[in-house]
Structures are given as structure tokens and as C-alpha cells.
Amino acid sequence: MLSSQHVTAVIPVRAGSKGIPGKNMRRVGRDTLLERTIKLAKRSPYVDRILVSTDDPEMYALAQAHHVAAPSLRPA
């Protein structure tokens, strides 16, 4: 909560990447980039809710495992 306002963090991730294909599911140490982002958002004292918006079923499943998935996959 920030100044008595609820804060929702939206993490937009997509399957395609022109520079580094699959970068959001690449591991950096123990976690993928997406997992690191989710964990950092969960540690923020200002964020009340986290949503991961993605068009990729694998990333969506990972977000569900961390209980931060949007209600459904978004269109490609």
C-alpha cells in the first residue's frame, strides 16, 4: 500500500524476443528471469497484488505456481 492506495504490479512477459530468444525463462543462478522479477515484486512493501500477463503457456504455468498469474493467457 502506498499513501493508502492499493498498488498492483503488472509484469508483462511475452514468448517472443528478437534479441535473446526465450530470455524470460533463462536461468540466472537458481531462478529464471521471470521468477526473479516475481520474487522481487513480492518483497516490495508497497505492492499489494502482483499479476503476470503473458501469451506463453510455460510462463503462465510458472506464474500460477507462484500464485501471481493473470486470470487467463492474453492473445499473442
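Here the structure is a predicted model, which means the values were calculated and not measured.
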Let me confirm one number: the [atom1]-[atom2] distance from [X] to [Y], rounded to the nearest 0.5 Å.
X   : Y   : atom1 : atom2 : result
R27 : L34 : CZ    : CG    : 11.0 Å
N24 : T37 : CG    : OG1   : 7.5 Å
D31 : K39 : CG    : NZ    : 3.5 Å

So, for [X] and [Y], which heavy atoms are closest and what is the spacing to 0.1 Å?
X   : Y   : value
Y60 : A69 : CE1-CB, 3.8 Å
V7  : Y46 : CB-O, 3.2 Å
V47 : A9  : CG1-CB, 3.8 Å

Exercise for the section: Say whether, by atom type as modelled, one donor and one acceptor occur between the side chain of K42 and the main chain of H66 under 3.5 angstrom. Expected result: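 Judged by distance alone, yes, a pair lies under 3.5 Å.
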
Handout entry: Pairwise side-chain contact, L62 with M25, heavy-atom cut-off 4.5 Å (strictly under)
Key = yes

Under 3.5 Å, sequence neighbours excluded: what are the donor-acceptor pairs made by side chains of residues 49-56?
from	atom 1	to	atom 2	distance (Å)
S53	OG	R74	NH1	3.0
T54	OG1	V13	O	3.0
T54	OG1	D56	N	3.1
D55	OD1	A15	N	3.0
D56	OD2	E58	N	3.1
D56	OD2	M59	N	2.9

